[in-house]
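What follows is a short report on a single structure.
All values derive from a computational prediction rather than experimental measurement. Throughout, protein chains are lettered first and strands after them, A, B, ... in sequence-line order, and every chain is numbered starting at 1.
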Amino acid sequence: MPQEAESDTQDGFELSLREHRKSGVRVRIAPSPTGAIHVGLARSALYNYLFACSHGGTFVLRIEDTDVQRSTEESAQAIIKGLGWLGITFDEGPYYQSQRLDIYRKHADQLLQSGHAYRCYCTPERLAEEREKAEAQRSAWRYDRRCLNLSEEERKKFEAEGIKPAIRFLVPEGKTTFTDLIHGSITREHKDIDDFIIVRSNGIPTYNFAVVADDHLMEISHVLRAVEHISNTFKQILLYNAFGWEIPQFAHLPLILGEDKKKLSKRHGAMSLEEFRAQGFLADAMVNFLVLLGWSPGEDREIISRQELVKLFSIERINTSNAIFDMRKLEWMNGEYLRAMDTSQLLTAFHDWLGYQGISLPREYASAEFLSRALPLIAERSRTLDEVYDALLPYLSDELTYDEEGLNKHFRKDPEGVKRWLLLYRERLEKLHEFNKETAEGVLRELVEELGIKPGLVIHPVRVAVTGRTVGPPLFDCLELLGKERVLDRLSKLPQ
RNA sequence: GGCCCCAUCGUCUAAUGGUCAGGACAUCACUCUUUCAAGGUGAAGAUACGGGUUCAAUUCCCGUUGGGGCUACCA
């Protein structure tokens, strides 16, 4: 499919009508390392990754750290680590824009030479002032091109004052249209575009300039990125045309919004990938959930493996409208993945999570033997690893906290009666030669039979007494997990 | 304010110029059950509004409304 981007410039000169490169798919993500990695970036990365995988293409990571004030290396590492956790890996990179400054400088000079760009000595302060003034009058502000035709003398004067110029792109008259793979044809008139700055006065290029140079030099064939970049795309196409470069295909992804329908931002602290990992979400579930936010396979399917995703994914099926992040559906999906895991997978996932959280289990319960008995029972009724850990707590420590509601319901109505039953049960357990869930259940059934009461009247208080909780795995599994000694101990220290 | 994007159940979404507008999460009810989950069964729940085009519009066009984004020497 040919890329139909074209620009009519003032002389009616068609600068580009280019063919899609035939050399194969090369995609990239280009995050700015300025903070926690949020789910929007993760999903963009995922879509690029899946697209590359399904086309046998190349996936490039480029760190856009041209904002020296806010960029940090820690953040760059966190991005790589976070995406790695999701199983998203790169074929090339990371490239750092901060290490390519001479490349941008060279290209900026080229535009200066060809008259596509000019030096601007206006101070940011002055520009901000004028912008405010225009805003006060509720009129659109555009750069007035004051520095477009500076005489040599004026220029010398500014230089003598020590003012370092920025470089602006000279936006031609006309309009630009491009065909977005998701949105179709989009047009913008050049009069709505400012003479934007391509190189700051400190010599560092701005996003719109660096991204074009890099995408071209790195031979990026398809740019899949968030819709917020649509307006930038016009500026970028103008630059491609000024250089006479081939224009890549663009696909602008819908946004992921928070529950408040606002764009995900630092406000949504819990939306960072690290946060989800800490809460005990599984990488596979995250991937599955994220891919469905803005894309669907076209059949009534929700749980889709990575392998299938690679096969099924296509840009054509990406949606146009923004999606709201539904935490409850993620929780459900995570539960599905949790329940689908076998014991060894559970063990691995749980250990990874403990490691990530910096939690170490008491030595006697850290054994694979204990955990491989406990985890399946617990994971079956959990949605996150965080919940798994919480449900495991009564088995890890002898310091129980008793659930208030459970005490009210099962102890306080008839304290003496309940205590008597539990102590009777304890006696029978104590006599057991072989203590396991079958024998523990056997003696309980005998007991209630003799007492002529319903099993639940003993079962529920026992659960509270030995685990402190009203919910959990089937009681006799719990007893077996705890072991005879601790069960007897806890039954002799009944809650009040 | 200007420019751009978007609009199907509360949420994620499917579908077609003619369907009983389908599925999933969440909700509710019933069921299963020693609790909690899970499972099973069922219920409720959507084409934003107004105009066109058409025999027929949720689908195509226009407008309105609503939401979102951009409008930096951020990306």
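Taking the P atoms as reference points, B:A46 lies 12 Å from B:U11, given to the whole Å. Rounded to a whole angstrom, the distance from the P atom of B:U16 to that of B:A72 is 41 Å. Taking atom C1' in both B:A38 and B:C25, one finds a spacing of 16 Å when rounded to whole Å. Separation of the C1' atoms belonging to B:A24 and B:C32 is 23 Å when rounded to the nearest angstrom. Spacing of P atoms, B:G51 relative to B:A44, comes out at 30 Å, to the nearest Å. For the C1' atoms, the distance from B:C55 to B:A15 is 22 Å, rounded to whole Å. Here the separation of B:C60 from B:A7, taken at their P atoms, is 9 Å to the nearest Å.
For B:A26, its base never sits under 3.5 Å from the side chain of A:Asp326 at any donor and acceptor pair. In terms of polar N and O atoms assigned as donor or acceptor, the side chain of A:Asp192 never comes within less than 3.5 Å of the base of B:G2 in a complementary pairing. Donor-acceptor pairing under 3.5 Å, judged by distance alone, is absent between the side chain of A:Arg200 and the base of B:C73. Counting distance only, with no hydrogens placed and no angle test, the side-chain atoms of A:Ser231 and the base atoms of B:C4 include no donor-acceptor pair under 3.5 Å. Under 3.5 Å, the side chain of A:Arg463 and the base of B:U34 form at least one donor-acceptor pair of N or O atoms. Residue side chain A:Arg70 reaches the base of B:C74 through a donor-acceptor N/O pair under 3.5 Å, judged by distance alone. Between the side chain of A:Glu302 and the base of B:G23, at least one donor-acceptor pair of N or O atoms lies under 3.5 Å.
None of A:Lys164, A:Arg146, A:Arg126, A:Glu159 except one satisfies the side chain to side chain donor-acceptor pair (under 3.5 Å) rule with A:Tyr121; the exception is A:Glu159.
Between A:Leu127 atom CG and B:A72 atom C1' the separation is 10 Å, expressed in whole Å. If you take OH of A:Tyr207 and C1' of B:C70, they are 12 Å apart, rounded to a whole angstrom. For the pair A:Asn208 CG and B:A75 P, the interatomic distance rounds to 8 Å; values are reported in whole Å. A:Phe234 places its CZ atom 18 Å from the P atom of B:G2, with the value rounded to the nearest Å. The CD atom of A:Glu130 sits 15 Å away from the C1' atom of B:C73 (whole-angstrom rounding). The distance between atom NE2 of A:His190 and atom P of B:G2, rounded to the nearest whole Å, is 22 Å. Between A:Lys437 atom NZ and B:U34 atom P the separation is 14 Å, expressed in whole Å. In this structure, NZ of A:Lys409 is placed 7 Å from P of B:C36, rounded to the nearest angstrom.
Checking B:C73, B:U34, B:A7 against every side-chain atom of A:Ile459, the shortest atom distance belongs to B:U34. Closest to the A:Ile197 side chain, of the nucleotides B:C74, B:A37, B:C73, is B:C73. For A:Lys329, whose side chain is taken as the heavy atoms from C-beta onward, the closest listed nucleotide among B:U11, B:C73, B:A24 is B:A24. Side-chain proximity of A:Trp332 to the nucleotides B:C5, B:A26, B:U35 is greatest for B:A26. Relative to the side chain of A:Ile230, the nucleotides B:C74, B:C25, B:C5 differ in distance, and B:C5 lies closest. Of the candidate nucleotides B:U34, B:A72, B:U8, B:U8 has the atom lying nearest to any side-chain atom of A:Ser321. Checked against B:G68, B:C12, B:A7, the side chain of A:Leu293 finds its nearest nucleotide in B:C12.
The pairing partner recorded for B:C3 is B:G69, the criterion being a Watson-Crick or G-U wobble arrangement whose two distances lie under 3.5 angstrom. Using Watson-Crick or G-U wobble geometry with both donor-acceptor distances under 3.5 Å, B:A48 finds its partner in B:U64. Checking B:U27 for Watson-Crick or G-U wobble geometry (two distances, each under 3.5 Å) identifies B:A43 as its partner. In this structure B:A75 sits in no base pair that meets the Watson-Crick or G-U test at under 3.5 Å. Here B:A14 sits opposite no nucleotide as a Watson-Crick or G-U wobble pair (both hydrogen-bonding atom distances under 3.5 Å). In this structure B:A37 sits in no base pair that meets the Watson-Crick or G-U test at under 3.5 Å.
Taking only side-chain nitrogens and oxygens, A:Arg142 never comes nearer than 4.0 Å to OP1 or OP2 of B:C3. The phosphate of B:C36 has neither OP1 nor OP2 within less than 4.0 Å of any side-chain N or O from A:Arg469. Between A:Asn322 and B:C12 there is no side-chain polar atom (N or O) within less than 4.0 angstrom of OP1 or OP2. Regarding contacts with the backbone of B:A26, a side-chain N or O of A:Arg383 is found under 4.0 angstrom from either OP1 or OP2.
Looking at heavy-atom distances under 4.0 Å, A:Pro473 makes contact with a base. No engagement by A:Pro455 is indicated, since no non-hydrogen atom pair under 4.0 Å with the nucleic acid exists. Counting non-hydrogen atoms under 4.0 angstrom, A:Arg301 reaches nothing in the nucleic acid. When heavy atoms are screened at a 4.0 angstrom cut-off, A:Cys120 is found touching no nucleic acid atom at all. Contacts of A:Ile204 with the nucleic acid, taken as non-hydrogen atoms under 4.0 Å apart, are absent. Residue contacts shown for A:Arg317 are limited to sugar-phosphate atoms, with no base heavy atom under 4.0 Å away. Residue contacts shown for A:Gly335 are absent, as no nucleic acid heavy atom lies under 4.0 Å away. Using a 4.0 Å heavy-atom criterion, one finds that A:Glu228 contacts the sugar-phosphate atoms exclusively. Contacts of A:Gly456 with the nucleic acid, taken as non-hydrogen atoms under 4.0 Å apart, are absent. Across all strands shown, A:His229 has heavy atoms under 4.0 Å from base atoms, whether or not it also approaches the sugar-phosphate. Base contact: A:Phe476 has a heavy atom under 4.0 Å from a base atom.
Using modelled atom types and a 3.5 Å distance limit, the side chains of A:Asp65 and A:Ser98 yield a donor-acceptor pair. In this model, no donor atom of one side chain and acceptor atom of the other lie less than 3.5 Å apart for A:Ser201 and A:Arg119. Side chain to side chain, A:His460 and A:Thr470 fail the donor-acceptor criterion of an N or O pair below 3.5 Å.
Aromatic ring orientation, A:Phe325 versus A:Phe276: tilted (interplanar angle from 30° to 60°).
Taking the ring centroids of A:His229 and A:Tyr207, they lie under the 6.0 Å cut-off.
Heavy-atom distances to RNA chain B give each of A:Thr206 and A:Glu336 a nearest nucleotide, and the one nearer the 5′ end belongs to A:Glu336. Between A:Ala323 and A:Thr470, the one whose closest nucleotide on RNA chain B sits nearer the 5' end is A:Ala323.
Judged by the 6.0 Å distance and 45° axis criteria, A:Arg131 is positioned over the aromatic ring of A:Trp141.
Under 4.0 Å is where a charged nitrogen must lie from a carboxylate oxygen, and between A:Lys106 and A:Asp109 no such pair does. Under the 4.0 Å criterion applied to side-chain N and carboxylate O atoms, A:Asp477 and A:Lys437 are assigned as salt-bridge partners.
Distance check, rounded to the nearest 0.5 Å: CG of A:Leu371 to CZ of A:Phe350 gives 6.5 Å.
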